[in-house]
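Chain identifiers are assigned alphabetically (A, B, ...) following the order of the sequence lines, protein sequences preceding nucleic acid strands; residue numbering begins at 1 within each chain.
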Amino acid sequence: TQLLEQSPQFLSIQEGENLTVYCNSSSVFSSLQWYRQEPGEGPVLLVTVVTGGEVKKLKRLTFQFGDARKDSSLHITAAQPGDTGLYLCAGVMFSGGYNKLIFGAGTRLAVHP
Amino acid sequence: SQTIHQWPATLVQPVGSPLSLECTVEGTSNPNLYWYRQAAGRGLQLLFYSVGIGQISSEVPQNLSASRPQDRQFILSSKKLLLSDSGFYLCAWSNGRRGYTFGSGTRLTVV
């Protein structure tokens with residue numbers, strides 16, 4: 001079972017539409033990160049949210065950390081074909097003496113022109 | 001600036017053959033280093049992490065091992081590959097203050 005559940009798994013939309021991706025867990029995280037991954041490449045960090053209720057904006061992307069630090073969402077406004085990719089959320093959890101980064105399974109987004 | 005190099009990019013190996021994937025980091029010292037494996041639909045699974053030379057922790061029992069012979073070098077190995085070892089292997093580093101920086105990955109196919 002995944003510690004972090006991402007939904008939806010797949011999303012296919014038209015250019016200009018808005019979308020929201022969710023990342024949920026029953027565990028509390030000290031912080032949560034969002035990554036974007038292109039095929040055949042490693043994930044690239046988009047943002048880190050640390051405080052419960054925190055909202056961060058990155059151009060058309062808005063990231064929110066839940067008040068209880070168990071969940072997060074990514075909202076994209078007016079999606080563009082360049083937003084296509086795999087979006088991964090990852091929670092930071094202190095375990096075994098160090099900070100572990102636990103990944104969700106990802107949301108694969110396809111934006112069609 | 002910090003960079004991370006991972007090679008090879010793709011690898012096709014027969015069952016039972018050995019494996020050695022190498023990862024090196026430049027521009028930082030004493031990084032935390034990680035090996036992840038990514039399978040379709042399951043996100044990234046942490047395999048090994050290292051906080052220093054010779055210090056390796058394993059997250060899941062498996063057919064693989066890791067070593068850190070130098071501060072900025074992390075190696076993933078296997079003595080005998082299994083079909084189930086196929087996947088996309090990613091090396092990453094962090095200094096604890098920012099998110100992880102990943103290498104470009106190695107696509108391993110065991111045939």
Side-chain angles (χ1 to χ4, degrees), chain A residues 1-11 21-25 29-50 54 56 58 63 65 72 74 85-109, chain B residues 1-11 21 23-25 30-52 55-60 68 74 76 87-109:
Chain A
T1 56
Q2 291 277 133
L3 193 58
L4 272 169
E5 296 288 340
Q6 277 190 249
S7 61
Q9 280 188 296
F10 302 96
L11 197 52
V21 175
Y22 299 93
C23 178
N24 295 298
S25 176
F29 297 100
S30 58
S31 64
L32 198 137
Q33 301 169 6
W34 284 92
Y35 292 79
R36 181 167 159 242
Q37 186 179 18
E38 302 280 355
E41 297 289 332
V44 175
L45 179 68
L46 295 174
V47 78
T48 299
V49 285
V50 179
E54 182 177 3
K56 279 192 174 179
L58 191 66
F63 304 86
F65 201 13
S72 181
L74 157 61
L86 179 67
Y87 289 83
L88 295 158
C89 68
V92 178
M93 179 182 289
F94 189 77
S95 174
Y98 88 111
N99 279 327
K100 282 188 191 180
L101 193 60
I102 309 296
F103 280 86
T107 293
R108 190 164 298 280
L109 171 66
Chain B
S1 63
Q2 301 91 357
T3 56
I4 179 168
H5 302 280
Q6 193 180 336
W7 67 92
T10 59
L11 195 57
L21 302 181
C23 172
T24 59
V25 180
N30 198 31
N32 295 330
L33 296 172
Y34 310 87
W35 278 110
Y36 282 87
R37 178 168 57 203
Q38 186 174 28
R42 291 188 62 84
L44 276 71
Q45 180 188 35
L46 178 62
L47 302 176
F48 300 95
Y49 69 92
S50 172
V51 298
Q55 300 178 61
I56 308 294
S57 294
S58 173
E59 281 297 297
V60 293
R68 186 168 176 176
F74 205 22
L76 183 69
F88 190 50
Y89 288 85
L90 288 156
C91 178
W93 77 272
S94 77
N95 61 10
R97 292 188 293 274
R98 291 175 52 94
Y100 288 21
T101 300
F102 285 86
S104 54
T106 295
R107 173 75 58 192
L108 172 66
T109 304

Item to check | Intermediate values then yes/no, side chain to side chain contact (heavy atoms under 4.5 Å, CB included), B/Tyr34 and A/Lys100 | outcome: CA-CA 10 Å; B/Tyr34 310 87; A/Lys100 282 188 191 180; over 6 Å; no
Checklist entry - Which one of A/Gly106, A/Ser31, A/Gly40 has the most heavy-atom pairs closer than 4.5 Å to chain B? => result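 Most heavy-atom pairs within the cutoff with chain B belong to A/Gly40.
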Next on the checklist: Please rank A/Glu38, A/Gln33, A/Arg108 by heavy-atom pairs under 4.5 Å with chain B and give me the top one.
Outcome noted: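 Among A/Glu38, A/Gln33, A/Arg108, the one with the most close pairs to chain B is A/Gln33.
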Item to check | Structural part of B/Phe88 lying under 4.5 Å from a heavy atom of chain A | outcome: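 Looking at B/Phe88, just its side chain touches chain A.
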Checklist entry - What part of B/Glu59 is in contact with chain A, defined as an atom under 4.5 angstrom from a non-hydrogen atom: side chain, backbone, both or neither? => result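 Answer is side chain: those atoms of B/Glu59 sit under 4.5 Å from chain A.
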Item to check | With sequence neighbours excluded, residues passing side-chain contact (heavy atoms from CB on, under 4.5 Å) with B/Ser104 | outcome: A/Glu41
Item to check | Interatomic spacing from CG in B/Asn32 to CG in A/Leu101 - rounded to 0.5 Å | outcome: 11.5 Å
Checklist entry - Is B/Leu46 close to A/Phe103 at the side-chain level, that is, under 4.5 Å between some pair of heavy atoms? => result no
Checklist entry - Is there side-chain contact between B/Leu90 and A/Pro43, with heavy atoms separated by less than 4.5 Å? => result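 Result yes, sub-4.5 Å side-chain heavy-atom pair found.
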Given heavy-atom pairs under 4.5 angstrom as the criterion, report whether the side chain, backbone, both or neither of [X] touches chain B.
X: A/Leu88; value: side chain
X: A/Ile102; value: neither
X: A/Gln37; value: side chain

Checklist entry - Does the gap between the ring centers of A/Tyr35 and B/Phe102 come in under 6.0 Å? => result yes
